[in-house]
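The next block holds one structure in the form of structure tokens; read it before the comments.
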Amino acid sequence: MFSSFTALSLPGRGATRLAAAALVSAVAAAGVVTGAGPAAAAQDGVSRGQGGATATIGGLKTHGTAVIHGADGDQEVPAGLFEMSVDGGGMLQTYCVDIQNPTQQDAKYRETPWSGTSLGTNDDAGRVRWILQNSYPQVNDLAALAKKAGVRGGLTEQDAAAGTQVAIWRYSDDTDVEATDPQAERLADYLEEKARDLAEPAASLSLDPPAVSGRPGERLGPVTVRTDAGGATVTPPVDATAGGVRIVDKDGAAVTSVTDGTQIYFDVPKDAEPGTAGLTVQASTTVPVGRAFASESRSQTQILAGSSESTVTATATATWADQGPIPALSARKNCAEGALDITASNKGDEDFTFELLDTEYTIAAGETRTLSVPLPEDRPYDFTVRGPAGFEQRFAGVLDCRTRSAALADTTHTLTEPAPSTPVVTPGPSTNLADTGSSGVTPLIGGTAIGLVAIGGTVLLLLRRREERP
């Protein structure tokens, strides 16, 4: 069995023992979840395993204004459509959720399941998708939209964008907000009244599972492709550690292109040294309306309103060894539980044991299990699991599961309690307060915006326990 150690262990200890270990540090994540070690070349972090589009936010492009009515008075905010540029080509139009949280300038976003955002715990998330499907820009005949909504005098693009955003906020943030323009406000009322529950759309591209393992001489998998694209291309392993690994179908034929439902395998030569390799699947498609986009820099969560033909990618990794533990790990944020769900499988002949945040986990030989690792809200996490034959998987990011409005409401309800000792900082220069649901002149935001905090693993654990305290 492989033992485990934490970041406090002596440096030479892990090198002299074949250990499956978690090196835990709360170094502030720079905004991107990345892989490490042999797996890094194949899988750029946890979120990439989920697949989809990656984009950079460019700010508000079509918008009006709205007013938030709160206990401390009224606050005027811009309301409308953002534009995002997709890595590899393409443009996205999005509305925001989490009205009180600012966007970060040029923040990177990844297509994310609702379960990894505040929408995952919101019973009205499906109504937000209905609004997106039945308003601007999906409905670009503004005369017809105005007639249906009973808006006299018609709608401009700015009115339509502002009214749609306001209607979304009423469901995404459960807040008292109205458009300042009467036409936009009438549209918002109509959309709020008519909204019905719709299911979450599927990812534009994903691989299931995103990590597999086994022994040399075997076909490791299958990995199933899920996409709404007509077809996708497969880039085989190029890392030097791949050592002749091919991507094949169940019959052993080489695979270079796939469609929805295709199952692919890593064909590992029998004489391959223990190692790790990865593949990338890439397609061009329109991303489904209603997909969430989240940033690891705690920038305001976005929800998709429109997409051009855009580049989408997904990655998968394979690990192999002759004997001992042969682990495969992948992760997904679980906002319903306030945790990171790590799916761990062990195709080896010995137990795989590792430690995360002072908790030891053991995956028996031949077992696959999902572990729910509790994490504090809005605090960066960064830990690495290492195993035999150079296996290394890093998990880094931030759990952003609650809207700022909900957090502020909790603060209001507990004003009589002692103030928390957690450091609170105002947004730095990278915060673009002009392109956000919140105004830069609002003291409420400046006093409550929580930045990324660089702390040690022990302090991170204390923060987690404080978060769990009733």
Side-chain angles (χ1 to χ4, degrees), residues 1-5 14-23 35-43 45-46 48-49 207-224 236-248 250 252 263-279 315-332 340-356 359-371 373 383-395:
M1 182 183 79
F2 287 79
S3 59
S4 61
F5 59 94
T16 58
R17 300 173 59 187
L18 285 177
L23 300 183
Q43 182 176 348
V46 179
R48 286 282 178 94
L207 299 177
D208 182 30
V212 295
S213 62
R215 290 182 170 83
E218 298 178 347
R219 292 174 191 151
L220 310 186
V223 175
T224 303
V238 294
D239 191 274
T241 62
V245 175
R246 299 186 308 138
I247 306 305
V248 301
K250 63 184 176 71
Q263 291 189 324
I264 53 181
Y265 299 76
F266 292 82
D267 187 15
V268 182
K270 189 173 181 61
D271 59 353
E273 293 294 325
T276 300
L279 63 83
T315 59
T317 59
T319 301
W320 60 88
D322 289 310
Q323 58 186 2
I326 312 176
L329 303 178
S330 61
R332 184 181 295 265
L340 186 71
D341 285 349
I342 298 179
T343 298
S345 66
N346 177 11
K347 293 298 182 67
D349 51 21
E350 295 181 18
D351 290 350
F352 178 58
T353 299
F354 59 97
E355 185 177 284
L356 292 179
T359 300
E360 185 174 86
Y361 301 94
T362 296
I363 309 301
E367 180 185 16
T368 297
R369 186 152 54 100
T370 297
L371 313 168
V373 181
F383 47 84
T384 299
V385 178
R386 293 190 173 96
F391 174 85
E392 189 170 291
Q393 180 68 58
R394 181 183 175 195
F395 303 97

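Side chains included, hydrogens not; waters and symmetry mates left out as well; all remaining heavy atoms used.
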Taking side chain as C-beta onward, heavy atoms only, is [X] less than 4.5 Å from [Y]?
{"X": "F266", "Y": "I247", "value": "yes"}
{"X": "I342", "Y": "V385", "value": "no"}
{"X": "F395", "Y": "V373", "value": "no"}
{"X": "R215", "Y": "D349", "value": "yes"}
{"X": "P210", "Y": "S330", "value": "yes"}
{"X": "F354", "Y": "I363", "value": "yes"}
{"X": "I264", "Y": "L279", "value": "yes"}

Shortest non-hydrogen separation from [X] to [Y] and the atoms involved:
{"X": "A318", "Y": "L220", "answer": "CB-CD1, 4.1 Å"}
{"X": "R219", "Y": "K250", "answer": "NH1-O, 2.9 Å"}
{"X": "A321", "Y": "P216", "answer": "O-CD, 3.3 Å"}
{"X": "P325", "Y": "N346", "answer": "CA-OD1, 3.6 Å"}
{"X": "W320", "Y": "A272", "answer": "NE1-CB, 3.8 Å"}
{"X": "A365", "Y": "G348", "answer": "CB-O, 3.3 Å"}

Distance in Å, [X] [atom1] paired with [Y] [atom2], rounded so as to fall on 0.5 Å steps:
{"X": "I326", "Y": "E350", "atom1": "CD1", "atom2": "CD", "answer": "10.0 Å"}
{"X": "D322", "Y": "K270", "atom1": "CG", "atom2": "NZ", "answer": "8.0 Å"}
{"X": "E360", "Y": "E355", "atom1": "CD", "atom2": "CD", "answer": "6.5 Å"}
{"X": "D208", "Y": "Q263", "atom1": "CG", "atom2": "CD", "answer": "10.0 Å"}

Report, as yes or no, whether the 6.0 Å neighbourhood of atom CD on E367 holds more than 12 heavy atoms from other residues, nucleotides or ligands.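 Yes - once you tally the heavy atoms of other residues, nucleotides and ligands closer than 6.0 Å, there are more than 12.
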Any sub-3.5 Å donor-acceptor pair from R246's side-chain atoms to P236's backbone N or O?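 Not at all, since once roles are kept as given, no pair shorter than 3.5 Å links the two residues.
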